[in-house]
Peer 1: 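Below is the structure I would like to discuss, written out as structure tokens.
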Amino acid sequence: MEKKAVFFDLDGTLLNENKVVLESSKQAIQALQEQGIVVAISTGRSPRMFDWLLDELNISSYVSMNGQHVVFEGKEIYSNPMDPDMLHDLSTIAYDNGHGLAYSNCQQIRVNTDKHPLIYPSYVHMKIDYPLVEKEFYKYSPVHQTQIYCERKHAQFYVQRYSDYTFLDWGEHASDMLPAGISQAVGVQKIMEKLGVKRENSFAFGDGTNDFEMLDFVGTGIAMGNAVPALKEQADFVTTSCSDAGIVNGLIGVGLLESTIFEDVFS
């Protein structure tokens, strides 16, 4: 039997609106694993923001920070830190303009100021504690991804100034910033190469704008019912929402699982 792999985004996909994994999704992941199908996470989050979930779901491979860091079976296989000189320039401008900035790497998250009015609600929404403040974190530690928090009318300044970087908007006032050409698809491909999984045997679930490349790259892209409209148009299959058995319905819909093992979900 040929190897297969399924990649799951987190927020709005594996995690519902309350940042909880549905019991049906847990059952589905276990069922996949029992069949020998590899399950991996692919997300814009830093590993520190989902390490609890890896243990809970018995998952050891993941793509984090939108492809900037990749772990396969518990071992790092790809790491792409950002340029410290660029980060110094970015840090100075953001701080001088009162814009929030977060630095993420595979172990830590730091922010440039305390109790920023735009950073705070973003972390509350994700049910994560406000990060420690370390304005010059980039001088002492590698940074794989930054998040800029500002009004949308100011965000275009950063897009124009840092033309060698990609900006992925999320929420009302936040943007992930990472090197151009990097996406979750880059990390997904690296895990597939390690596994020896053919493209036609790869599947991915997502809901947001940062999932476009991943769903396009895999053999079968599955958009959640709550996904942005453009992702639904691109996807090979559209399932129900993240709070309405979307994972289970999607896996059944693309033929990876049988509905008979989820009689309690549909009863």
Side-chain angles (χ1 to χ4, degrees), residues 7-11 13-15 19 21 39-91 94-95 100-116 118-120 122-149 165-168 170-171 174-179 181-191 194 208 210 214:
F7 298 86
F8 293 98
D9 172 51
L10 289 182
D11 298 286
T13 301
L14 196 55
L15 298 175
K19 306 304 177 186
V21 182
V39 176
I41 286 172
S42 185
T43 178
R45 288 195 185 207
S46 160
R48 296 293 293 178
M49 300 167 74
F50 63 89
D51 50 5
W52 58 275
L53 190 59
L54 298 173
D55 294 333
E56 184 174 326
L57 300 178
N58 191 32
I59 294 175
S60 60
S61 298
Y62 58 84
V63 177
S64 68
M65 296 173 283
N66 290 304
Q68 282 286 84
H69 184 253
V70 184
V71 167
F72 174 71
E73 295 183 350
K75 296 182 179 179
E76 178 186 281
I77 61 171
Y78 181 70
S79 175
N80 186 39
M82 298 170 75
D83 177 22
D85 291 334
M86 183 282 298
L87 289 170
H88 177 73
D89 185 74
L90 173 66
S91 175
Y95 190 81
L101 195 64
Y103 310 101
S104 300
N105 64 26
C106 59
Q107 296 180 320
Q108 302 174 84
I109 303 171
R110 295 291 188 269
V111 292
N112 67 339
T113 186
D114 190 28
K115 298 179 181 178
H116 191 278
L118 299 183
I119 296 178
Y120 182 75
S122 294
Y123 279 82
V124 169
H125 176 70
M126 292 186 287
K127 299 186 184 299
I128 298 172
D129 292 337
Y130 195 94
L132 296 175
V133 177
E134 193 169 348
K135 179 174 174 286
E136 296 184 333
F137 177 71
Y138 61 89
K139 289 186 176 181
Y140 321 108
S141 300
V143 174
H144 291 88
Q145 180 175 265
T146 63
Q147 291 80 39
I148 301 171
Y149 298 85
Y165 289 80
T166 296
F167 294 80
L168 302 171
W170 57 275
S175 299
D176 291 337
M177 178 181 175
L178 60 153
I182 295 295
S183 71
Q184 291 184 56
V186 172
V188 165
Q189 182 177 11
K190 292 184 181 300
I191 289 179
K194 279 287 186 180
N210 64 329
M214 174 173 68

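Here the structure is a predicted model, which means the values were calculated and not measured.
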Peer 1: Are any side-chain N or O atoms of Tyr103 and backbone N or O atoms of Lys135, one a donor and one an acceptor, separated by less than 3.5 Å?
Peer 2: yes

Peer 1: With rounding to the nearest 0.5 angstrom, report the CZ to CD1 distance, Phe50 to Ile128.
Peer 2: 10.5 Å

Peer 1: So, taking the atom named CD1 in Ile109 and the one named CG in Asp129, what distance separates them when rounded to the nearest 0.5 Å?
Peer 2: 10.5 Å

Peer 1: Looking only at non-hydrogen atoms, find the nearest pair between Thr166 and Leu168 and report the distance.
Peer 2: CG2-CD2, 4.0 Å

Peer 1: Heavy atoms, side chains only, cut-off 4.5 Å: are Arg110 and Pro131 in contact?
Peer 2: no

Peer 1: With rounding to the nearest 0.5 angstrom, report the OH to CG distance, Tyr138 to Asp89.
Peer 2: 9.5 Å

Peer 1: Between CG of Asp176 and CG of Asn210, what distance do you get to the nearest 0.5 Å?
Peer 2: 7.0 Å

Peer 1: State, yes or no, whether a side-chain contact exists between Ile182 and Gln145 at a heavy-atom distance under 4.5 Å.
Peer 2: no

Peer 1: Rounded at 0.5 Å granularity, tell me how far CG in Asn105 sits from CZ in Arg48.
Peer 2: 9.5 Å

Peer 1: How about Tyr95: does its OH atom have over 12 heavy atoms from other parts shown lying under 6.0 Å from it?
Peer 2: no

Peer 1: When you compare the side chain of Leu15 with that of Val21, does any pair of heavy atoms fall below 4.5 Å?
Peer 2: yes

Peer 1: Could you tell me whether the side chain of Met126 reaches within less than 4.5 Å of the side chain of Arg45, counting heavy atoms only?
Peer 2: yes

Peer 1: If I take atom OG1 from residue Thr13 and atom CZ from residue Phe8, how far apart are they, to the nearest 0.5 angstrom?
Peer 2: 9.5 Å

Peer 1: Leu14 versus Leu53: any side-chain heavy-atom pair under 4.5 Å?
Peer 2: yes

Peer 1: Would you say Gln68's side chain and Asn80's backbone share a donor-acceptor pair under 3.5 angstrom?
Peer 2: yes

Peer 1: Test side-chain contact (heavy atoms from CB on, under 4.5 Å) on Met214 and Ser183 and set out the steps.
Peer 2: CA-CA 8 Å; Met214 174 173 68; Ser183 71; over 6 Å; no

Peer 1: Determine whether more than 12 heavy atoms belonging to other residues, nucleotides or ligands lie under 6.0 Å from atom OH of Tyr120.
Peer 2: no

Peer 1: With the side chain counted from C-beta on, respond yes when Phe137 and Val143 share a heavy-atom pair under 4.5 Å apart, and no when they do not.
Peer 2: yes

Peer 1: Could you tell me whether the side chain of Tyr78 reaches within less than 4.5 Å of the side chain of Val63, counting heavy atoms only?
Peer 2: no

Peer 1: Do the non-hydrogen side-chain atoms of Glu134 and Gln108 ever get within less than 4.5 Å of each other?
Peer 2: no

Peer 1: Determine, step by step, whether Lys194 and Lys75 satisfy the side-chain contact (heavy atoms from CB on, under 4.5 Å) criterion, reporting the C-alpha distance in whole Å, the side-chain angles of both residues, the deciding distance to 0.1 Å, and the verdict.
Peer 2: CA-CA 11 Å; Lys194 279 287 186 180; Lys75 296 182 179 179; over 6 Å; no

Peer 1: For Met177 and Leu90, run side-chain contact (heavy atoms from CB on, under 4.5 Å): C-alpha distance rounded to whole Å, both residues' side-chain angles, the deciding distance at 0.1 Å, then the answer.
Peer 2: CA-CA 11 Å; Met177 178 181 175; Leu90 173 66; 3.8 Å; yes

